[in-house]
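The basis for the numbers below is simple: all heavy atoms, side chains too, and nothing from hydrogens, waters or symmetry mates. The sequence lines fix the lettering, A, B, ..., with proteins before strands; numbering per chain opens at 1.
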Number of protein chains: 2
Amino acid sequence: MITATAELLQVQGYHATGLNQITQESNTPKGSLYFHFPGGKEELAIAAIEAAGAEESQKIEAVLNSQEDVGDAVQAFTQLLAEGMLNSDFRKGCPVATVAIETSSTHESLRRVCEQIYMHWFELIEQRLLMAGFNPAETRTWSTLILASVEGALLLSRNQKSVQPLEIIGEHIKTLINQAKPQHQPQQNFSQLNSVS
Amino acid sequence: MITATAELLQVQGYHATGLNQITQESNTPKGSLYFHFPGGKEELAIAAIEAAGAEESQKIEAVLNSQEDVGDAVQAFTQLLAEGMLNSDFRKGCPVATVAIETSSTHESLRRVCEQIYMHWFELIEQRLLMAGFNPAETRTWSTLILASVEGALLLSRNQKSVQPLEIIGEHIKTLINQAKPQHQPQQNFSQLNSVS
DNA sequence: GTCTATATGAGGATAGAC
DNA sequence: GTCTATCCTCATATAGAC
């Protein structure tokens, strides 16, 4: 039920997704929903977003550490997202963005959940940049630019039904970050990096 | 009524905004709504998004041309957006993003309207870059990065209730774009640029 | 052209049998 | 613990008086 909810939230958003649709899609009777989630729709949505966010975190961490070059890593990230868009016929962008933007001003609990997930992704990117030799002050600005442009490109790609925005920013950030990359003594080498849990 | 609808759509989104709320907020009786907009909610939403998008276009064009330096222009853009967020207590981000992300997969007509508005903003940024001396191939990648990161930063800033993401990407893009800027013979000078309608 | 009253359905939530 | 039947509210949309 949680995974069904997560998928519906990602594609349609919070308000467009009804409890009827969730129970129908997941073959779950409506009665037991309120046994497992006494808080109703909002509590179920929180659980679904948290699960989807955690799953996405694992993918992000894996893809960022799949490439030795930090620019390649960012591009691999955007390529992964582009594939996800194509595979879902542009129905699935960021698993939390739709709910985040819908509930930022109206549902404080959901807003906080989304905020925590974004913070975690932010930290994953920062760690990868630190390993590439950037200093802490630089990692902050670069990771913000990366996360913001990725989220924005997901929005634009979904709206345009084209992966062009994702591909363009992936290629461009790769170029920019490799120009800015410290060329001397990265703080950790790639083999250490890859052994992270 | 259109402006009231536009504001509600921006803050709450399409599905969270009811016709009752619109008529109440704008002191309009419900009956005449369907006289002016026979298509109902969807037609009204289209009109509202188009109006909000056009208004925002004017602001974007004005602010991009308010600074002689292209990096300053981008930063002035993000500062304007940051002020809008603060003035609305983080309720108003991009006037079309919420509807765009909600309807990309479900309401083709609204999706198209949002797409057209984004295309227009894209062109405004491209024109500004061309005037700064960038060649057409470069303008495409830079304008995509700028629009994507601005949209993403708006999403993150709204979700975090902090203008930090907007300020960071504004400052960072300013730096990056000035490093990449052609130093010789811009195609048009600033006085010409400012005379654009 | 403008408004009131209402139709019709779907929303989230719950009570209570099993 | 699980499911069915149902409540109440609110949604969009319309009919018809003025």
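Side-chain nitrogen and oxygen atoms of His36(A) include at least one within less than 4.0 Å of the OP1 or OP2 phosphate oxygen of dT2(D).
Listed by first then second residue, pairs satisfying ring pair (Phe, Tyr, Trp, His ring centres under 6.0 Å) with a partner in residues 21-57 of chain B number zero, not counting sequence neighbours. Listed by first and then second residue, the salt bridge (charged side-chain N to carboxylate O under 4.0 Å, His left out) pairs involving residues 151-162 of chain B amount to none (not counting sequence neighbours).
Note: CZ (Phe35(B)) to P (dT4(C)) measures 17 Å, nearest angstrom.
Side-chain polar atoms of Glu138(A) and Asn135(A) form a donor-acceptor pair below 3.5 angstrom.
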> With the sugar-phosphate defined as primed atoms, P, OP1 and OP2, and the base as all remaining atoms, what B/S/- string results for nucleotides 4-18 of chain D, 5' to 3', for protein heavy atoms under 4.0 Å?
Replying inline: B------SBBB----
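Considering all non-hydrogen atoms of both residues, Thr141(A) and His172(B) come closest at O-ND1, 3.6 Å. Between Asp69(A) and Gly71(A), the closest heavy-atom pair is OD2-N, 2.9 Å.
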